[in-house]
2 protein chains.
Amino acid sequence: MEVSSRRPAGHASPLPPALADGVFPAGCPSRTVLDHVTSKWGVLLLLALSEGPQRWSELRRRAEGISEKMLAQTLKTLERDGLVRREAQPVIPPRVDYSLTERGYELSALLVPLVAWAFENADDIVKGQP
Amino acid sequence: MEVSSRRPAGHASPLPPALADGVFPAGCPSRTVLDHVTSKWGVLLLLALSEGPQRWSELRRRAEGISEKMLAQTLKTLERDGLVRREAQPVIPPRVDYSLTERGYELSALLVPLVAWAFENADDIVKGQP
DNA sequence: CGGAATCCTATTTGATACTG
DNA sequence: CAGTATCAAATAGGATTCCG
């Protein structure tokens, strides 16, 4: 019996063509991307930035609980991935604005429904757990 | 200047109402849910299961590179979260089927576009990095 | 086959202090 | 303000062995 024939009615399989066999390759670059994007703070920062450009201190306040180290590290990773743009102004005191690139916006648009779902279902899910 | 007025034209802010202030609370249950869902193997297993019920060995093969420990651990977490259903048949040799719950399907439907996007953009993103 | 238990390593994360 | 550096702790992850 094939997997495709065991799929519940009403649930189409929309997996990317690249995974026709249903196997997620170990060395696949998408693994790296997913790891960056779905990192503990990655999602939160991308979501926060989806509201518009923001400064370091603003991001730190929004991603409540993040340390300076992780904020810097995560922002760097997202910047290297071409999802976040960093613009430092040569003023005293320093002012640095972070914003999403076009690609970053594309991604955040997919992340928003996910986070919204997490918010809506969080109580039900966490409840009933020890 | 408010954040909402700094939002680029054409990019609506669709954040959940609960985050009207744009702050992601540290103790929020949704953090836990997001952590489970966006864990290294969580996404992959949920996606694999979105194609229909599958056995332990099949999941292990699909999430290439996963260890038995992490497979067991991740499946348990997802089961406790009410996203995955485990059905063990009392036969020799043992046969255990895993499948998504309704809530799990809801979630996987949101995850699919994300993973598809990661697949499509992975090469561009990983390229240009040291 | 489908795990559970154990041991050990690697990566992540946080707290703290310091700086241009 | 916007970071960097350092160290310690926590957690994730892997390899191996064993079991019903």
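Each chain gets a letter, A, B and so on, in the order the sequences are listed, and its residues count up from 1.
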Practice prompt. Could you tell me from which nucleotide to which nucleotide of DNA chain D, 5' to 3', there is an atom under 4.0 Å from chain B heavy atoms?
Written response: D:dG13 to D:dG20

Worksheet item: What is the bend of the helix from C:dC1-D:dG20 to C:dG20-D:dC1 when you compare the axis at one end with the axis at the other, using five pairs each and rounding to 10°?
Response: 50°

Worksheet entry | Heavy-atom check, side chain of B:Tyr98 versus side chain of B:Arg55, under 4.5 Å | no

Worksheet item: Should B:Leu44 and A:Leu34 count as side-chain neighbours, where that means a heavy-atom distance under 4.5 Å?
Response: yes

Practice prompt. Please determine if A:Glu79 and A:Arg85 form a salt bridge, counting it only when a charged side-chain N lies under 4.0 Å from a carboxylate O.
Written response: no

Practice prompt. Give one of base, sugar-phosphate or nothing for A:Arg86, where a contact means two heavy atoms less than 4.0 Å apart.
Written response: sugar-phosphate

Worksheet item: Can you tell me if the side-chain N/O atoms of B:Tyr98 get under 4.0 Å from OP1 or OP2 in C:dG3?
Response: yes

Response to the item:
On a heavy-atom basis, the closest approach of B:Thr74 and B:Ser39 is CG2-OG, 4.4 Å

Discussion item. With heavy-atom distances below 4.5 Å as the criterion, would you say the side chains of A:Glu68 and A:Trp56 are in contact?
Written reply: yes

Practice prompt. Please name the pair of heavy atoms, one in A:Thr38 and one in A:Val43, separated by the smallest distance, quoted to 0.1 Å.
Written response: CA-CG2, 3.9 Å

Worksheet entry | Per-nucleotide protein contact string for nucleotides 10-20 of chain C, where B marks a base within reach and S marks sugar-phosphate only (heavy atoms under 4.0 Å, - for neither) | ---BBB-B--B

Worksheet item: Do B:Leu75 and B:Leu59 have side chains that get closer than 4.5 Å, going by heavy atoms?
Response: yes

Item to complete: Round to a whole Å and report the spacing from CG of B:Leu71 to C1' of C:dG2.
Response: 10 Å

Discussion item. Does this structure show an ion pair linking B:Asp124 with A:Arg103, if we count only N-O contacts that are shorter than 4.0 Å?
Written reply: yes

Practice prompt. With the side chain counted from C-beta on, respond yes when A:Val33 and B:Trp117 share a heavy-atom pair under 4.5 Å apart, and no when they do not.
Written response: yes

Worksheet item: Tell me, do B:Arg86 and B:Val96 make a side-chain contact under 4.5 Å, heavy atoms counted?
Response: yes

